[in-house]
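Below is one structure, written out as C-alpha cells, with a few remarks after it.
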Amino acid sequence: MKKLSLYILTVILVVLTALSGCGKNEKTAQGGSAKEVDQTITANLGGEPYTLDPAFASDTTSYWVIDHLYEGLYSYDKNGKVVKGTASKVEVSEDGKTYTFTIRDDAKWSNGAAVTANDFEYSWKRVLNPKTAAYDPSSFYYIKGAEEYNTGKGSVDDVAIKAEDEKTLVVQLDTPIKFFPTVLQGHGFLPVNQQVVEADEKWAAEAEGIVSNGAYHVSAWKHNDGITLDKNKEHWNSKNIGLDSIKFKMIADATTEYQMFKSKELDLVKSIPSEAIDQEKSSDEYISSPSFSVYTYSFNVNEKPFTNKKIRQAFAYAIDRDAITKNVSKGGEKAAYGYVAYGAEAPSGKDFRDEVSDYYSFDADKAKKLLKEGLKEEGWSTLPEVTLKYNSEANHKKIAEALQEMFKQNLGVETALENQEWKTYIDSFKQKNFQIARMGWVGDFLDPYPVLNLYSTKSSSNFTNWSNTEYDKLLSDSLVEQDETKRYELLHQAEELLMTEMPIIPIYFSSQNSLVSKKVEGIRFDALTSPDLRFSKVTE
C-alpha cells in the first residue's frame, strides 16, 4: 500500500534491475515454439479483487490485476528496469520543480480511443477531489496545490496539473523531489477514461464496463470465481506482450490452490502453503524472490484497550516472532524487530535495517510487566475483551491462531478471533472497524520514507487513528533534506518513535515463495510487485 524516496533515480533503476535478477526469477525455455501452443496461463488471485478502479485500489489482490490493465507515464520493462510507459518524452526544468510529459502518439485505450494528456489531468484530479474519497490522495501532495484542494482549503484550479494540449502534460511541484518519477508509478497515478467513468459510476464493477490502456483488457469476470484478461491489441507495445490470455482464479484456500498446481490446473502459485515449502525447495518449479514488505497487525488506538501505549507494547513483547517464521510461515521470512524491511541501502553501504539494533524482543516477563502498568494507568482491574481480526486467505489463520496462543501463554490474555473474506475484510479495515487486525505493506520502491510515511497524520493509508506531531516533523524534514546521511538519520529517528508508540506490531519481513510450471518462461519476480506476467510465454 504506498511509498516514497531514493537518493538518485539512477540508483532506483540499478537496484530494481538487480532485484529482478535475484534467484531463479525467470524460467528458461524447455523446448518447442511459442507460436505452436496456446499462449494462455492460469493463476490464482486468492479472492475477489476489491476493485479494478485504480483510484480506490489498496490491496495486492487488486493491484495484481490492475498492473496488467493500466499503464502510467512510467512502467517496467521485462528486466524490471524503470522505463517510459505512456509517456514518450520527459523534460525536467533546471530547478527540478516542473515536469513536462509528452504522451505517445500511438497510446490508445482498449476501445481504440487515443490516450491524451487530459486523461491524466482528469484522473489525477479525480483522485484529489475530496468528493471522490479515493484511497491515496496524499501521494499527490508533492504537487503544487494538491494538498490544499484535497483537504478543502484550495481550488482545483490551483492544482498544478495541466494538459497544455492533447499530448502535453505539465506538472509543477512545491519543492524539487528527485524521486518524483518513481512516485508516479503509484497506482493512483494510473489513468482512467473520462467518458467511461462519467457515463457510469459502476463502470469498474463488470468486465464490459472496463476500458484500459495497458497490456491487457478484461474479457470476462465471474465474481468470486474468476477473471480473464486478454491481450489489448490497441496497446502501443502489444507486439512484445507474450501471453494472449491470463486466467485468474479466486481460490481462497492455499492447500486447494497448491493441489490445483500439482494437477496442472494452475500454471503459477504466487505463495506456496507453509507446509509444502520444504518439499518444493528442490523442485525446478520453485522460485524464491525478495519482497520489500512487512507482515503486521495494526492497532486501532481509539479502541480500548489499545488506547494505552504500554498495553500495545505488552502485546508486541509477547510475540515469539522466530517461532512464527520457523514453525508457522516457514518460507524464509525474517522476524521483524523494526518496521522498514530489508532492501533499502543506506549511504553507509549497509542496509537501513542493519544500521540500528532491535527495538524490542520476545520477552514474556516484560510483556506482563507492561500490561500490569498499562492496566494501572487506565484504572482497569481486568483487560477489556480483545478480538483479533484477519482475512481468511492463505496462511493468515495459522498465524492468527499462533498469536492467540502466545497472548494466552505469555500475557494471560484470552483473545477472540474473527475472520472475513478479503473484500469484506478490506472494507472493515478501511472503516477502522477493529481493535487489532492483520495487514501487510509493500513498498513502492526501495527507500524507508514511503514505508514510514504510511503512519504520518496526512497519510491516507494510516488506519490506526495514531497521530504524532514529532513523527510528522521528522518525516517532513527528511523529505527536504538533501544530505543523504542526514536524511537517513531522520528516518531512523522516525522509526524509533513509531516502534516506541507501537500503533502497529511488525511480525516478519516477507519473502515470496512461488511455483511456476516448467512450460512457462519469462515471469518477472521482484521485491516490489506481484509476478509480472506481461512478457511471459508458454513454451510447450
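Residue numbers start at 1 and run along the sequence shown.
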TODO: Output, in order, the C-alpha distance, side-chain angles, deciding distance and verdict of side-chain contact (heavy atoms from CB on, under 4.5 Å) for Leu528 and Leu446.
DONE: CA-CA 8 Å; Leu528 300 169; Leu446 297 170; 4.1 Å; yes
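- Judged purely by atom type and a 3.5 angstrom limit, Thr51 uses its side chain to pair as donor or acceptor with the backbone of Asp53.
- One N or O on the side chain of Tyr70 and one on the backbone of Leu52 form a donor-acceptor pair closer than 3.5 Å.
- Here the CD-OG distance, from Gln512 to Ser530, works out to 6.5 Å after rounding to the nearest 0.5 Å.
- Between Arg487 and Glu484 there is a salt bridge, with a side-chain nitrogen of the basic residue lying less than 4.0 Å from a carboxylate oxygen of the acidic one.
- Nearest heavy-atom pair across Gln420 and Tyr425 is OE1-CA, 3.3 Å.
- At a threshold of 4.0 Å, the pair Lys458-Asp472 does not count as salt-bridged, since none of the basic side-chain nitrogens sits closer than that to a carboxylate oxygen.
- Between Ser245 and Thr228, some side-chain heavy-atom pair lies under the 4.5 Å cut-off.
- Ser75 approaches Arg534 most closely through the heavy-atom pair OG-NH1, 3.3 Å.
- Taking the side chain as every heavy atom from C-beta outward, Leu169 and Tyr99 never approach each other to under 4.5 Å.
- Using a 4.5 Å heavy-atom threshold, the side chains of Asp532 and Ile523 count as separate.
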TODO: Determine, stepwise, if the pair Asn118 / Thr116 fulfils side-chain hydrogen bond (donor to acceptor under 3.5 Å, both in side chains).
DONE: CA-CA 5 Å; Asn118 181 71; Thr116 67; 4.8 Å; no
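- The side-chain heavy atoms of Lys270 and Asn44, taken from C-beta on, include no pair separated by under 4.5 Å.
- In this pair, Phe189 and Phe140 present their aromatic rings parallel. The plane angle is below 30°, not in the 30 to 60° band.
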Open item on the list: Using side-chain contact (heavy atoms from CB on, under 4.5 Å), reason through Phe463 and Met439 one step at a time and then give a plain yes or no.
Closed with: CA-CA 10 Å; Phe463 299 103; Met439 190 47 65; over 6 Å; no
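- Under the 30°/60° scheme for interplanar angles, the aromatic rings of His492 and Phe352 are found to lie parallel.
- Taking 4.0 Å as the cut-off between side-chain N and carboxylate O, Arg353 and Glu495 count as a salt-bridged pair.
- A perpendicular orientation is assigned to the rings of Tyr74 and Phe101, their planes being inclined by more than 60° (bins at 30° and 60°).
- Side chain of Glu71 to backbone of Asn213: no donor-acceptor contact under 3.5 angstrom is found.
- Residues Tyr76 and Val82 are in side-chain contact: their nearest non-hydrogen atoms beyond the backbone lie under 4.5 Å apart.
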TODO: Step by step, work out the side-chain hydrogen bond (donor to acceptor under 3.5 Å, both in side chains) result for Tyr50 and Asp427.
DONE: CA-CA 9 Å; Tyr50 179 74; Asp427 279 329; 2.6 Å; yes
Open item on the list: Between Val218 and Leu229, is the side-chain contact (heavy atoms from CB on, under 4.5 Å) condition met? List the steps.
Closed with: CA-CA 5 Å; Val218 182; Leu229 310 184; 3.8 Å; yes
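- The aromatic ring centroids of Tyr455 and Tyr471 lie 6.0 Å or more from each other.
- Here the shortest heavy-atom pairing between Ala205 and Trp221 reads O-CZ3, 3.6 Å.
- Classification of the Phe434-Phe429 ring pair by plane angle, with boundaries at 30° and 60°, yields parallel.
- Lys486 contributes no side-chain N or O that, together with a main-chain N or O of Glu481, makes up a donor-acceptor pair within less than 3.5 Å.
- Heavy-atom contacts from other residues, nucleotides or ligands closer than 6.0 Å to NZ of Lys167 number more than 12.
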Open item on the list: Could you walk me through whether Gln195 and Trp203 satisfy the side-chain hydrogen bond (donor to acceptor under 3.5 Å, both in side chains) test, starting with their C-alpha distance in whole Å, then the side-chain angles of each, then the deciding distance to 0.1 Å, before giving a yes or no?
Closed with: CA-CA 10 Å; Gln195 289 185 337; Trp203 66 277; over 6 Å; no
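- The backbone N or O of Asn453 sits less than 3.5 Å from a side-chain atom of Ser456, completing a donor-acceptor pair.
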TODO: Given side-chain hydrogen bond (donor to acceptor under 3.5 Å, both in side chains), test Asp136 with Ser138 step by step and report yes or no.
DONE: CA-CA 5 Å; Asp136 191 31; Ser138 60; 3.1 Å; yes
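- Put simply, the side chain of Ile227 reaches to within 4.5 Å of the side chain of Leu45, judged on heavy atoms.
- Residues Val451 and Phe292 have side chains in contact (heavy-atom distance under 4.5 Å, counting atoms from C-beta outward).
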TODO: For Ile143 and Tyr149, run side-chain contact (heavy atoms from CB on, under 4.5 Å): C-alpha distance rounded to whole Å, both residues' side-chain angles, the deciding distance at 0.1 Å, then the answer.
DONE: CA-CA 11 Å; Ile143 299 172; Tyr149 172 49; over 6 Å; no
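- Between Asn462 and Ser460 there is no side-chain heavy-atom pair separated by less than 4.5 Å.
- At least one donor-acceptor pair under 3.5 Å links the side chain of Lys125 to the backbone N or O of Ile161.
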